[in-house]
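Accompanying notes for the structure given below.
Note on naming: letters A, B, ... go to the chains in the order of the sequence lines (proteins, then strands), and numbering restarts at 1 for each one. Just so it is clear, the model here is predicted, and its values are computed rather than measured.
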Number of protein chains: 4
Amino acid sequence: MNLKCPVAARWQRKKEARPAEILDAALDLFVEKGFSATRMEEIARRAGVTKGTPYLYFSGKEDIFKAMINEFLLNPLGTIQETVSARSGSRADLLHELMEIWWHKVASRKAGGLCKLMIAEAANFPELTRYYHDELIQPGKNLVARIIRAGIDSGEFRDVPVDDAAEMLLAPALMTMIDQHSFLRAENGLPSSPADPLRYLHFALDMMLTGLNQPSR
Amino acid sequence: MNLKCPVAARWQRKKEARPAEILDAALDLFVEKGFSATRMEEIARRAGVTKGTPYLYFSGKEDIFKAMINEFLLNPLGTIQETVSARSGSRADLLHELMEIWWHKVASRKAGGLCKLMIAEAANFPELTRYYHDELIQPGKNLVARIIRAGIDSGEFRDVPVDDAAEMLLAPALMTMIDQHSFLRAENGLPSSPADPLRYLHFALDMMLTGLNQPSR
Amino acid sequence: MNLKCPVAARWQRKKEARPAEILDAALDLFVEKGFSATRMEEIARRAGVTKGTPYLYFSGKEDIFKAMINEFLLNPLGTIQETVSARSGSRADLLHELMEIWWHKVASRKAGGLCKLMIAEAANFPELTRYYHDELIQPGKNLVARIIRAGIDSGEFRDVPVDDAAEMLLAPALMTMIDQHSFLRAENGLPSSPADPLRYLHFALDMMLTGLNQPSR
Amino acid sequence: MNLKCPVAARWQRKKEARPAEILDAALDLFVEKGFSATRMEEIARRAGVTKGTPYLYFSGKEDIFKAMINEFLLNPLGTIQETVSARSGSRADLLHELMEIWWHKVASRKAGGLCKLMIAEAANFPELTRYYHDELIQPGKNLVARIIRAGIDSGEFRDVPVDDAAEMLLAPALMTMIDQHSFLRAENGLPSSPADPLRYLHFALDMMLTGLNQPSR
DNA sequence: TATGAATGAGATTTCATTCAT
DNA sequence: AATGAATGAAATCTCATTCAT
């Protein structure tokens, strides 16, 4: 009913590792090219397998996309949240520390590209976008908002609307992550963004805390 | 059988309007669904023509994408730059005014979605990304940086690295625009972002100027 | 985004005729090879078009299958039913006449193959099978059963269970149709079935009416 | 770490039962879904083995199909033929008896589904169809034809074309078998066919022997 | 003997693009 | 200038078959 193929079997059997390898490959490609423009066979090839293999572990392209979001987004947030709860010291120091963690655990890694990806694909995956929003974005904002609230209560910060302030504090962090995975990757890397993102982020945080205006003396 | 009225041209096929209509339609769809997921026939239908017509004005899908970027990016920036050069007063006021213009001319309009689009498609259109970067992003940053520089020179602002500061000031504005076209469109609108973006943006600008920290005395 | 193909356009534009041509082609192939073993491209080629064209008129393979059942099964039965209602004479004559019509309108034509097809695919299309049963098989049996009932009432026939009798009378007709489209088509035609099916069918009907047993004298 | 019990063979892998189990599983599935729509892995699973195992005993899907036809068609016919040769009494009684045997040995069993299957796949397996025809159908018809011939010679039956008469006598039997495996299986069982097929078959045989027409005197 | 991860030919379906009208 | 039927390259996904273990 079809052809004999005495293929030289050269593939490795590693059932355990396969799903992770496929998700890794998919992450790279989805972040780089977007969901639609990424071809399944490309994912397979980058994972070192052939066309059919991803379908042994995932029901299709969309399933890979969803699994990837789950895989690379929950753990990091969990880690960050634990870190924060166990911390004392000034709120300003805590915010700096938080950003440090976030940079090293998320933004500078491949998972950081997921942020860009969700922005790009939000309208095409409404239910996933809601999930991403409810489980990641909102908790992240709440985390920062709680710290600001505590700072206001302790007299460290001025009395400001905490949600807006949290939004503002997060903006440079998110934009940096987006830059990393859009403009910096394009072709040979555009000189748009700060050369040392982490240093920039600490600077921006400092600025937002102390203000750009000259102290009134 | 031929009913052609020999009197005069009956209704003018508005031929010179066609390309603009097609680009308008493409803008909506590309922003909403991304480049790959947008079908040519959908663009045509939304523009009120049929499948073949776009090919009379553009050589293909990619050409429409490029033409669209050109069409919707140059004029707004031009306007903003003119406004700025003609202005006097405090730098803080100027920045507020700038943001007001930018919001009404760009971010709150359909063209604002192009920002999200370029983020998503950056890797798929490297040469276009470079163009977008060189003609829009870098000039925008430079504009803000020059204002900050002037403020420092006049003693209004503290002495800080102007490029980083410009980057920081722009971050909330860009993030708000992204929110408008990603999470707010998804499904029924996620409550993620500030209800009144423009108010939030003025708040964030104020915060960055005066600082979150309690004045020490 | 893809290749230029300056194909010598040699196809005819006939929107009106296309669906019927495609259903004709599909009928041939489905009857010959079954549903699964028939490839869409084969249907297209036999209809004189290319791969993509059937999808302009039908949503997929299953849709073609269903449309085909609808197209080729309802009209013939309608015709037969009209004929019968307008007829008088002995019930035996009516049954012979009925079979004649049925043979020329259904069994000897391509549509006859649908019977075999539905038998083969019954389990794979349960809802369609129910429809086929309710709209075709059951009405056909009822039609014959009513004639037998009338014959019994008029004293022409013995008093027998009409449903079983109808079933019996139909069996040779159905088996002949199946033979036509299974064994007779296979390879070079197997000598299994009667050389002249219509003559056989009249013979079988006569036999069933008069009985094989020697009259008891 | 090696727990192999050195005592004796613990449980015998019932190797000689494997092929039969696989053919049994294949029979169920082929009859239900047809050849193409039946997946090899399903056959394996229903036989209680895994994907690769059937290939240890058969060279492929087509080979299983052929082996199955061989397995389930020869023995039953042999039995019937022996029975007939050893019988005396009226030809009518013999025909009733024959049908009884045939019903219990073939039609009411899984093997009855093979008839439907061969009808569906006739064109896809021409050589097998010829085999099926030559070894089963033709002998079956000949068997009945010889009985009729004997009945005519003995004066029990009227003088009729024996081949056509045999064909007619077999038609209800074959149709019943088809019904069993097509319409009765679909969904929840369609009320099309007689509730008690065996009773119906005896009735139909009686009818064909005595005739539907009222005895003229 | 049996397993089942992996393969890859091939099927279905989509859609950017062409071109006769 | 505009249409839209038709094309056909290419994508997604299936599944019969292989073969290292």
Subject >> Base-paired stems that DNA chain F participates in, counting runs of 3 or more Watson-Crick or G-U pairs under 3.5 Å >> reply: E:2-21 with F:2-21
Whole angstrom value for the distance that separates [atom2] of [N] from [atom1] of [X]:
X	N	atom1	atom2	value
C/Leu56	E/dT14	CG	P	11 Å
D/Phe58	F/dT17	CZ	P	13 Å
D/Ile64	F/dA16	CD1	P	10 Å
B/Glu41	F/dG4	CD	C1'	9 Å
D/Lys51	E/dA5	NZ	P	8 Å
C/Glu21	F/dA6	CD	C1'	13 Å
B/Ile22	F/dA2	CD1	P	8 Å
A/Arg39	E/dT13	CZ	P	21 Å

Original post:
If you look at every strand shown and take non-hydrogen atoms under 4.0 Å, does C/Thr38 touch a base, only sugar-phosphate, or nothing?
Top reply: sugar-phosphate
Original post:
Start at the 5' end of DNA chain F and walk down; is the nucleotide closest to A/Ser59 or to D/Gly60 reached first?
Top reply: A/Ser59
Original post:
Are side-chain N/O atoms of B/Tyr131 and B/Asn70 paired as donor and acceptor at under 3.5 Å?
Top reply: yes
Original post:
Is B/Lys66 positioned over the aromatic face of B/Phe125, cation under 6.0 angstrom from the ring centre and no more than 45 degrees off axis?
Top reply: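 Negative - B/Lys66 is either too far from the ring of B/Phe125 or too far off its axis.
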Nearest to side-chain heavy atoms of [X], which nucleotide of [options]:
X	options	answer
A/Lys61	F/dT12, E/dA11, E/dT17	F/dT12
A/Met40	F/dT12, E/dA9, E/dG4	F/dT12
B/Thr53	E/dT7, E/dT3, F/dT3	F/dT3
C/Tyr55	E/dT13, F/dG8, E/dT3	E/dT13

Original post:
Can B/Arg45 and B/Glu42 be counted as an ion pair, charged N to O under 4.0 angstrom?
Top reply: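 No, no charged N to carboxylate O under 4.0 Å.
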Original post:
Below 4.0 angstrom from OP1 or OP2 of E/dA6, is there any side-chain N or O of A/Tyr57?
Top reply: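 Yes.
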Original post:
Can a side chain N or O of D/Arg18 be found less than 4.0 Å away from OP1 or OP2 on E/dT1?
Top reply: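 Answer is no, no contact under 4.0 Å.
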Original post:
So, the side chain of D/Thr38 versus the backbone of D/Leu29: is there a donor-acceptor pair under 3.5 Å, distance only?
Top reply: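 It does hold such a pair.
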Original post:
Starting at the 5' end of DNA chain E and moving along, which residue's nearest nucleotide shows up first, B/Ala37 or A/Val49?
Top reply: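 This one resolves to A/Val49.
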Original post:
Pick the nucleotide of DNA chain E nearest each of C/Ser36 and D/Gly52; which residue has the one closer to the 5' end?
Top reply: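 Closest to the 5' end, via its nearest nucleotide, is D/Gly52.
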**OP:** Look at the rings of B/Phe65 and B/Phe30 and say which category their plane angle falls in: under 30° parallel, 30 to 60° tilted, over 60° perpendicular.
**Re:**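 It falls in the perpendicular class, over 60°.
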Original post:
Is there side-chain contact between B/Asn124 and B/Glu121, with heavy atoms separated by less than 4.5 Å?
Top reply: yes
Original post:
Going by heavy atoms in the side chains, are B/Leu23 and B/Phe72 under 4.5 Å from each other?
Top reply: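 Touching, per the 4.5 Å side-chain cut-off.
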**OP:** Could you please spell out the steps behind the side-chain contact (heavy atoms from CB on, under 4.5 Å) verdict for B/Leu117 and B/Met68?
**Re:** CA-CA 11 Å; B/Leu117 189 54; B/Met68 197 190 67; 3.6 Å; yes
